[in-house]
Amino acid sequence: MALSAVAVLLSVAFVCGTLVFTDTMNTTFDKLFAVSSSDVTVSPKAAKGGEEIPDRGKPEMLDGAAVEQVRKAEGVAGAEGAVLSMSVTVVDAENENMGSTTGAPTIAGNWNDNELKSMKITSGHAPRGPTEVMVDADTAAKHHLKLGDELRTIAVTGDFRARISGIATFTVTNPGAAVVYFDTPTAQQNLLGAPGAFTHVNVTAEDGVSDEQLKQNIASAVGADTYKLQTAKEAADANRKDVGSFLDVMKYVMLGFAGIAFLVGIFLIFNTFSMLVAQRTREIGLMRAIGADSGQVLKSVVVEAFLLGVVGSVLGVGAGVGLAVGLMELMGQMGMHLSTDDLTVAWTTPVAGVVLGVVVTVVAAFVPARRAGKVSPMAALRESGTPGDKKAGVVRAVLGLVLTAAGGAGLSLASAADEAGPGSLWLGLGVVLTLIGFIVIGPLLAAGVVRALSGVVLRPFGSVGRLAERNALRNPRRTGATAAALMIGLALVACLSVVGSSMVASATDELDKSVGADFIVNSETGQPVMPQAEQALRATAGLDHVTAYREVEAEVTAPDGTTEEVGLGATDPTYAQDLRRKMIAGEHAAAYGKDSMSVGSQYAAAHGIRLGDRLKVAFAGGNTVELKVAAITSDEGNLDKTMKYISTAVAEANVPADRMPRPFMLLASAKDGQQDTAYAAVKAALAEYPQYKVRNQADYKQSLKDQVGQLLNMVYGLLALAIVVAVLGVVNTLALSVVERTREIGLMRAIGLSRRQLRRMIRLESVVIALFGALLGLGLGMGWGATAQQLLALEGLKVLEIPWPTILGVFAASAFVGLFAALVPAFRAGRMNVLNAIASE
């Protein structure tokens, strides 16, 4: 019962820990946004909210005159121009990037009164000129910065150096952003390249004037459509929406894995109560004989499960809060600071945890309770048994076969689908039905699979191995349910391993076929390539050519009148060499001619476009022109699928210079025979810019593999809880099985079975059950993964790769899981007193 309570505790703790952790993160960001927002914020009409890094390398700007315009509005107590840019990189004297490693931005701006709402200077003083900078205390502590240290800021306007004049500490929790401040003229010149300009204006209301009223007054004074106006609440809500979407995804993913743990726990609880009811058959029969009706017996077992669920759930709620605090500490180690002062435990969290834990426990125990209610009073006169098992076994086998066949048909339809959308529905149906089918058919499979495994694993141990085999086969239903708990977790592991390996293999194959460039340069945080970095690359010796790749926003109108907003790939003509695209019509290089472009085959087919047709292209903030379709690229591959290309020259001719986006990637090829020396030269040329990664094709393939590997490791970590609960199920089954066989064990010991042989028998039984669950789970998961890969093939990921080392490693590890699970039950069995065991009833 204690182990069953632990299973409930772990599952509830995962749910409550997830809710507390994400609620705390929401609280942290809400406080930061609420405190840092001015009464009304005035920003350029085209400004984008949130943490989006501008593709031009600098944010949208306001003329300095806007501050005076706003200040004259009725109800304005103060208006202050502010500068804020996230298109910067800050490095220390050792050229180490000061930015966060958790994805939080590096923010540079001017020190102004509004910052005092969320920060205070705790050391030194605010910056007073172009040679001074102030940094936040968290970044200073993380990188061991002190007053007088020199920092270099890399911006689109150039590199500039300044020494730390002050350190400012957040008065609310800083979730992890690195923040630097300059005086206003320096920020305007070095971050925006425009003296007198601002990115927004912070407006403070006079006493008695509401934010909404102030917003209306400013709109009346400057024109309703002149600027983007937001109240403090609107600004906070917009920022919260950007962060909240990420937090919601994280929360629901973690809750999904908690659901898997609950599902596995159901098998543990079901097995526990089934065995308890079987062991109490005579006792229940006696109760029936002295007057207890079937309903009372059923209620007694349900109440027992209810109490178990309550105890496990209440403890799980407390453990969940502890888990949330642990996650906060872990995030702190990674650079995202979350304070326990903001720990948020909503009343719904413990209620949800307790209700979920109790309901799952009672539902899992209901079938055994119902079985207990059907025990006849005559059962008091005989050994425990389960009459009717044979009939139930036949019905169960037929149902399991039908479900498995239906699931197999669903997977088959998914793999044969022509479109990913309908195919994914068939895949989901197939996964659910095959999983349920394998669970239902588990006892039938146990008879055959356990015998086959025993022939390889147990027979070498002689009579002890044969005893272990017969013990595992004694109750196929119990063995099937125990193995099913392990099967679920390992099936997901196998499926995701196959999908992950296939994605890497497909991407690697496509890189080999399509990418002709020797080197790829880009930022992993989305930073555009700064002009000075591009110039350094182009000046590198040993390179044949360098291609800049940028994306230009435009509205494209097809000959059939259909209009859509797209991103056009604006590249140098050498891109046709750097990426070998399969062509449907024309030549890739022709797309880079004057007034020319290319389109993808899907777009061309959808709109009846042929070579030579002309499309109307309205560039965002620029000209509207007609471009000739000079090439139609195939959308079979996955690199740059559906992309429309134009030359950089066409983009520059039609987009104003101040609206032209910076490249987000540079491709370079070495001169023949100089790849190695050019690679070293490129790395050296860009060493001063640590925000950019320089990779050759081998590096790029490895980075893809590492990224998928990190994602899979995170998933495996979340699945570990379900596997731990499954291991508890094996321990529970063996422990109760030992109690159930107490008299039998005593008799075997009396006729010569040694303690060592007894413990070995229990361990071997556990190993074969674990291997049975692993075999079913890995086989099922590989089937799911192979089907999922067929759907991914429709999106260009065409290589199926089974990660045999991982699969075989997990299978072998399952044997060790079985050994571990048997330690305590085997130890208890070995300590039994022979005479007491024989006398046991």
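In what follows, every heavy atom counts, from backbone to side chain, and hydrogens, waters and symmetry copies are set aside.
- Residues satisfying the salt bridge (Lys or Arg N to Asp or Glu O under 4.0 Å) test with Asp658, not counting sequence neighbours, are none.
- Rounded to the nearest 0.5 Å, atoms OG1 (Thr633) and OH (Tyr645) are 6.0 Å apart.
- With rounding to the nearest 0.5 angstrom, the NZ atom of Lys228 is 9.0 Å from the NZ atom of Lys45.
- In this structure, Asp672 CG and Asp544 CG are separated by 7.5 Å, a value rounded to the nearest 0.5 Å.
- For Ala507, the side chain to side chain contact (heavy atoms under 4.5 Å, CB included) partners are Leu704, not counting sequence neighbours.
- The local environment of NZ in Lys582 is sparse, with at most 12 non-hydrogen atoms from other residues, nucleotides or ligands closer than 6.0 Å.
- With sequence neighbours excluded, no residue satisfies salt bridge (Lys or Arg N to Asp or Glu O under 4.0 Å) with Arg580.
- In terms of the ring pair (Phe, Tyr, Trp, His ring centres under 6.0 Å) criterion, Phe619 has no residue partners (sequence neighbours excluded).
- Within a 6.0 Å sphere centred on NZ of Lys513, heavy atoms belonging to other residues, nucleotides or ligands number 12 at most.
- Few gaps surround CG on Asp512; more than 12 heavy atoms of other groups in view lie less than 6.0 Å from it.
- Remark: Glu524 pairs with Arg695 by the salt bridge (Lys or Arg N to Asp or Glu O under 4.0 Å) rule, at least two apart or across chains.
- Between the CG atom of Leu686 and the CD atom of Glu534 there is a distance of 10.5 Å, given to the nearest 0.5 Å.
- In this structure, Asp518 and Tyr679 have side chains that are not in contact, with every pair of non-hydrogen atoms separated by 4.5 Å or more.
- For Tyr716, the side chain to side chain contact (heavy atoms under 4.5 Å, CB included) criterion is met by Val493, Ser497, Leu712, Asn713, not counting sequence neighbours.
- Residues meeting the ring pair (Phe, Tyr, Trp, His ring centres under 6.0 Å) test with Phe182, sequence neighbours left out: Phe160.
- Val799 is linked by a side chain to side chain contact (heavy atoms under 4.5 Å, CB included) to Ala505, Ser506, Asp509, counting only residues two or more places apart in sequence or in another chain.
- Pairs passing the ring pair (Phe, Tyr, Trp, His ring centres under 6.0 Å) check and including a residue from residues 525-550, sequence neighbours excluded, read Tyr549-Tyr575, Tyr549-Phe664.
- The pair Glu553-Arg659 does not count as a salt bridge, with every side-chain nitrogen at least 4.0 angstrom from each carboxylate oxygen.
- With respect to the salt-bridge test (charged N to carboxylate O, under 4.0 angstrom), the residues Glu688 and Arg152 qualify.
- Counting heavy atoms of neighbouring residues, nucleotides and ligands inside a 6.0 Å radius, atom NZ of Lys701 exceeds 12 of them.
- The neighbour count for Phe257 CZ, taken as heavy atoms of other residues, nucleotides or ligands under 6.0 Å away, is above 12.
- Taken from CD1 in Ile107 to OG in Ser85, the straight-line distance is 10.0 Å, to the nearest 0.5 Å.
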Acceptor/donor pairs from residues 601-608 side chains to any protein atom, 3.5 angstrom cut, sequence neighbours excluded:
| residue | atom | partner | partner atom | Å |
| --- | --- | --- | --- | --- |
| Ser601 | OG | Asp635 | N | 3.0 |
| Ser601 | OG | Asp635 | OD2 | 3.4 |
| His607 | ND1 | Asp560 | OD2 | 3.0 |

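- Lys671 is linked by a side chain to side chain donor-acceptor pair (under 3.5 Å) to nothing, counting only residues two or more places apart in sequence or in another chain.
- Thr153 has its side chain out of reach of Val133: every pair of non-hydrogen atoms, C-beta onward, lies at least 4.5 Å apart.
- For the residue pair Glu419 and Leu794, the shortest heavy atom distance occurs at C-CD1, 3.6 Å.
- Enclosure of atom CG in Asp676 is not indicated, since only 12 or fewer non-hydrogen atoms of other residues, nucleotides or ligands lie within 6.0 angstrom.
- Inter-residue side-chain proximity for Thr89 and Thr106 is flagged as unmet; no heavy-atom pair is nearer than 4.5 Å.
- Within the 4.5 Å cutoff, side-chain heavy atoms of Val498 are placed close to those of Pro803.
- The main-chain N or O of Ala558 is never found under 3.5 Å from a side-chain atom of Thr562 such that the two would form a donor-acceptor pair.
- A heavy-atom distance below 4.5 Å is not found between the side chains of Leu666 and Thr547.
- Taking 4.5 Å as the limit, every side-chain heavy atom of Met665 sits out of range of all side-chain heavy atoms of Val529.
- Considering only residues two or more places apart in sequence or on other chains, Glu587 meets the salt bridge (Lys or Arg N to Asp or Glu O under 4.0 Å) condition with none of them.
- Side-chain contact between Asp55 and Arg662 is absent, with no heavy-atom pair separated by less than 4.5 Å.
- Nearest heavy-atom pair across Met61 and Leu192 is SD-CB, 3.6 Å.
- Here Ser501 contributes atom OG and Gln789 contributes atom CD; the two are 11.0 Å apart, rounded to the nearest 0.5 Å.
- Dense packing is recorded around CD of Glu626, with more than 12 heavy atoms of other residues, nucleotides or ligands lying under 6.0 Å away.
- Open room surrounds CE on Met714; 12 or fewer heavy atoms of other groups in view lie less than 6.0 Å from it.
- Side-chain atoms of Leu778 and Val810, non-hydrogen and from C-beta on, do get closer than 4.5 Å to each other.
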